[in-house]
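Bear in mind that the values here come from a model prediction, so they are computed numbers and not experimental data.
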Protein chains: 2
Amino acid sequence: MTIKHEKAIETLRLKGHRLTPQRLIVLSIIASGDGASGDGHMGVDEVFQAAKKAYPYMDIATVYRTLHLFKDLGVVTEVAIGDRLHFELTDPNGRHHHMVCRVCNGAFNLSPHYLAEFRDTLNKEFGFEPDLEHFAVSGVCAECQESSQEQQIQD
Amino acid sequence: MTIKHEKAIETLRLKGHRLTPQRLIVLSIIASGDGASGDGHMGVDEVFQAAKKAYPYMDIATVYRTLHLFKDLGVVTEVAIGDRLHFELTDPNGRHHHMVCRVCNGAFNLSPHYLAEFRDTLNKEFGFEPDLEHFAVSGVCAECQESSQEQQIQD
DNA sequence: TAAGTTTCCGCAAACGTTTGCAATAACTTT
DNA sequence: AAAGTTATTGCAAACGTTTGCGGAAACTTA
Ligand SMILES: [Mn+2]
Ligand SMILES: [Mn+2]
Ligand SMILES: [Zn+2]
Ligand SMILES: [Zn+2]
């Protein structure tokens with residue numbers, strides 16, 4: 001049980017939400033970060049399947065509701081990867097955004113400092129306050145650009 | 001019939017796609033830009049309802065397939081507004097990104113120049129090539145920030 | 001610990017969007 | 001103009017996600 005994990009439970013209680021077995025199970029699955037991608041981001045179905053092992057009556061609607069609650073509380077971070085939702089436990093000491101590759105669906109962390117100037121500009125020029133907590137930019141990662149170049153040479 | 005609209009038809013023909021009535025209808029609806037939002041971006045259902053008036057057998061799957069084809073050809077630009085897809089005819093002389101307000105669902109145009117530096121940084125630091133054609137940043141617009149401030153004062 | 005209050009859950013149905021499939025229609029060739 | 005080729009369509013079913021509802025469980029109070 002990590003400190004992040006304990007703080008998350010404390011946040012739930014402090015904001016007056018009930019500590020149901022379903023919520024604790026989903027939280028510990030996300031906290032384990034033990035998803036197929038290996039980068040700590042877990043797909044909704046991965047969470048659901050793992051949750052059913054711990055508690056067979058678990059419903060997919062409960063998983064979604066729980067993840068959205070955690071997102072609203074800032075306990076988890078949502079990342080859209082290849083048009084499916086993924087989640088990771090928020091690390092207050094390691095906040096980051098994401099670059100998502102549309103070819104391999106890899107998600108790469110991006111330090112907030114790369115967006116600080118962009119945020120300031122939008123603020124000053126337009127009075128627009130961007131939601132950067134769940135910011136992700138999609139594109140093609142370095143590795144996938146290389147492999148598509150090899151492909152072209154072979155043609 | 002605008003020049004953008006004619007060029008779009010020419011693009012279809014040149015790339016070997018068939019000029020079906022369904023495609024021409026969807027294209028002219030998007031080209032009209034006559035959506036409820038007033039900013040030229042049209043929701044999928046708006047397109048579908050208008051298309052059914054011109055051609056009653058029109059199917060929603062055809063609308064989606066057509067819009068995605070147009071997107072791949074660069075003829076239309078997709079903007080996700082409040083987690084629904086919207087589309088506008090691409091203007092080669094007025095390319096822009098979008099700021100989308102999560103409160104009022106307004107979509108505000110953003111000149112590419114605001115993202116040029118961000119793109120360069122991702123390229124140089126990570127070899128990541130972002131897809132900026134359909135880039136949209138979500139947040140809260142100036143107007144909605146003001147009204148939520150008034151709200152707080154009243155409380 | 002028992003009763004009362006209110007949030008939360010499982011279920012089923014709905015949402016917006018995508019997909020497989022067999023029939024049709026756009027284009028090409030003759 | 002007719003026949004042949006193949007992309008595109010309408011339909012229905014499926015996808016991932018959200019929502020309404022009535023019963024159940026978490027917490028509060030006594
Ligand atoms: Mn991450
Ligand atoms: Mn626009
Ligand atoms: Zn990649
Ligand atoms: Zn707004």
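- Counting any heavy atom pair closer than 4.0 Å across all strands shown, A:Arg84 reaches sugar-phosphate atoms only and no base atom.
- Residue A:Arg23 has a polar side-chain atom (N or O) positioned under 4.0 Å from OP1 or OP2 of C:dC8.
- Per the geometry, NZ belonging to B:Lys52 stands 11 Å off P belonging to D:dC11, to the nearest Å.
- Rounded to whole Å, the distance from CZ on B:Arg13 to P on D:dT8 is 14 Å.
- Between the CD1 atom of A:Ile9 and the P atom of D:dA26 there is a distance of 15 Å, given to the nearest Å.
- Summarising the geometry, the separation between CG on B:Asp59 and P on C:dG20 is reported as 16 Å, rounded to the nearest angstrom.
- Rounded to a whole Å, the OH atom of B:Tyr57 is 14 Å from the P atom of D:dA12.
- Proximity note for B:Leu19 (side chain, C-beta onward) versus C:dT19, D:dC21, C:dC27: the nearest is C:dC27.
- Of the candidate nucleotides C:dT19, D:dA26, C:dA26, D:dA26 has the atom nearest to the side chain of A:Pro21.
- In this structure a side-chain-to-backbone donor-acceptor pair under 3.5 Å is missing from B:Thr90 to B:Pro92.
- Summarising the geometry, the separation between CG on B:Leu12 and C1' on C:dC27 is reported as 14 Å, rounded to the nearest angstrom.
- Using a distance-only test at 3.5 Å, with no hydrogens or angles considered, no donor-acceptor pair links the side chain of B:His134 to the main chain of B:Leu132.
- In this model, the phosphate group of D:dA25 is not approached by any side-chain N or O of A:Gln22 to a distance below 4.0 Å at OP1 or OP2.
- Taking the six-membered ring for Trp and the full ring otherwise, the centers of A:Tyr114 and A:Phe135 sit at least 6.0 Å from each other.
- Under a 3.5 Å cut-off, the side chain of A:Arg84 and the backbone N or O of A:Val44 do not form any donor-acceptor pair.
- Look at CD1 on A:Ile60: it is 18 Å from P on D:dA14, rounded to the nearest Å.
- Side-chain N/O atoms of A:Arg18 and base N/O atoms of C:dT7 include a donor-acceptor pair closer than 3.5 Å.
- Residue contacts for A:Phe48: at a heavy-atom cut-off of 4.0 Å it reaches no nucleic acid atom on any strand shown.
- Between B:His17 and D:dA7 there is no side-chain N or O to OP1 or OP2 distance below 4.0 Å.
- For the pair B:Thr20 and D:dT9, the criterion of a side-chain N or O lying under 4.0 Å from OP1 or OP2 is met.
- Under a 3.5 Å cut-off, the side chain of B:Thr11 and the backbone N or O of B:Lys7 do form a donor-acceptor pair.
- A straight line from CG of B:Asp45 to P of C:dG16 spans 7 Å, rounded to a whole angstrom.
- Considering only the side chain of A:His68, D:dT18 comes nearest among D:dT18, D:dG10, C:dG16.
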